[in-house]
Amino acid sequence: MTVIGIDDTDSRNRGMCTTYLATRIATAIEHAGGTVERRLLIRLNPAVEHKTRGNAAIALHTDIDPTDAVEISTQFIDSLAISDDPNTSPGVVITDTCTPHSVADSVIDFCWDAIREFHTIADTVDLIEQVGYHHQGWDGGRGRIGALAAVGAWAALTEWTIEHIAYRQFNRCGTDRDVDEKSVFEAAKRQYPAVWDTVDREEDDAVCVPNAPGPILYGIRGDDVAAVKTVAAEIDSEPVERSSTFITNQGTDIHLRPGTIGSLRDNRAYRVTGTVITDPETRPGGHVFVTLGKRETTEEDHIEETSSKESAVLTDTHHLRTKSSNPDITDQNVSSTITCVAFEPTKRFRQWVRKLRVGDIITVCGEVSNGTLKLEKFAIRSLTRTTKTTPICPGCNRTMKSAGRNQGYRCRDCGTSSPTQNKKSLDRVLSLKWYEVPPCARRHIAQPLIRGDFDAPIMPER
């Protein structure tokens, strides 16, 4: 079997989509008498500087001869890839000596680092040539990084979801999409939760319909092939030119690694537990910030407990990378605290962040950038239930004053005193649950709570 890996053929501003180009290649393979057994859509490290919005690479598993695969792939990249964007740097990698299951361990490791770390073009090309794959790059060929990661993905990863993508007629790219949102909402409701992140009901947003100028009309995500295709079939829209169903690592949280405050590095994504040490602060623009401090945990705390699925993800040796394969990337912004932020586009998620209090213990998930963790979800592990208040004088009902350092409190009028502050019970809206950003703000690779398996009750957003 031949594996074709492709990446970086699109543009943030000028459209195209690597999934569309790969779909055209798959069609050409079938017209040439070959078959495409599997189409993979692999989301890589969302913190990569040169990514387009979703940072996706594609792999096609086919029985076509590698020589024909090279000819067909390069023909379509030459004709469809965005060549006038200086940030677009396509690449293709094609195997001819292995199956998708039997790639070298070094390629499996490479895939993991592409999802959680970084690679240079130089180290990518070195590995491609070591394992003997065909490769070609355009305008620098940075896309070979994602392409090689996609080649290794089937052997590297174990958890998969589905995305069914419908493409519009190509000459309509750049024009407003004609999709009946009522039909989208109705179809999504019937197939939920097997199909997820199709719409955002609170924001009244059909999130499956993109705004970018590319050829995608809509993309339906879920855990069941039949369910996502059913939703797609029930959507009323402009004509669909072609469609493609991908197996993908979207919605799996595979980008997250376990971390501890004090050892977090920029441009990686973590799952980390800490204690709230500042009250939440809403800053200009509506962004909400809160700071966590490091907390030593014990076995009894159950703070880093994971479900069976999460445990399998977080303890695999391929996942526990602590050093980048890029020697130019060094530890940065290591601190005994971490500032977390819920940006304004996360909408109603911010209401939960605003309800945190000093002393709460929480597990947060998200990417660290410039020393700040961008919240994707969080779990409450322990809630502060009381607050300290200055004692009230029983004689005059006035607030006592400090009697001096470590001398308690006293009423200057009545002479009554109290050795300590009083405790007052707090009403807490939050509970020991997981909370997440809404579908309109979700990263492609982030796992929706509705998919389970989480180590506490969930508060899913629809």
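Source: prediction; values computed, not measured.
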Salt bridge check: are [X] and [Y] linked by an N-O gap of less than 4.0 Å?
X	Y	answer
Arg221	Asp197	no
Glu238	Arg168	yes
Arg442	Glu436	yes
Glu281	Arg354	no
Asp200	Arg462	no
Lys374	Glu376	no
Asp455	Arg271	yes

Is it true that [Y] and [X] share a donor-acceptor pair across their side chains at a distance under 3.5 Å?
X	Y	result
His164	Thr245	yes
Asp223	Trp160	no
Asn249	Thr252	no
Tyr167	Thr19	yes
Arg381	Thr363	yes
Arg410	Ser418	no

Pairwise side-chain contact, [X] with [Y], heavy-atom cut-off 4.5 Å (strictly under):
X	Y	result
Thr161	Glu163	no
Cys111	Ile108	no
Arg177	Leu217	yes
Leu292	Val276	yes
Asp360	Phe378	no
His287	Val341	yes

Interatomic spacing from [atom1] in [X] to [atom2] in [Y] - rounded to 0.5 Å:
X	Y	atom1	atom2	value
Thr198	Lys189	OG1	NZ	14.0 Å
Glu344	Thr282	CD	OG1	11.5 Å
Asp10	Thr18	CG	OG1	4.0 Å
Glu159	Gln447	CD	CD	5.5 Å
Ile261	Leu373	CD1	CG	9.0 Å

Pick from Glu461, Met459, Lys355: which one makes a side chain to side chain contact (heavy atoms under 4.5 Å, CB included) with Tyr435? Met459

Take Ile235 and Asp180 through the test side chain to side chain contact (heavy atoms under 4.5 Å, CB included) and record every step on the way to the result. CA-CA 7 Å; Ile235 294 175; Asp180 177 54; over 6 Å; no

Main chain of Arg265, side chain of Tyr270: is a donor-acceptor contact present, judged purely on distance under 3.5 Å? yes

In terms of the angle between their ring planes, are Tyr20 and Phe170 parallel, tilted or perpendicular, with boundaries placed at 30° and 60°? parallel

Aromatic plane relationship, His61 with Trp154 - under 30° parallel, 30 to 60° tilted, over 60° perpendicular: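 Plane angle over 60°, so perpendicular.
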
Can you pull the salt bridge (charged side-chain N to carboxylate O under 4.0 Å, His left out) pairs that have at least one residue in residues 201-214, sequence neighbours excluded? Glu203-Arg348

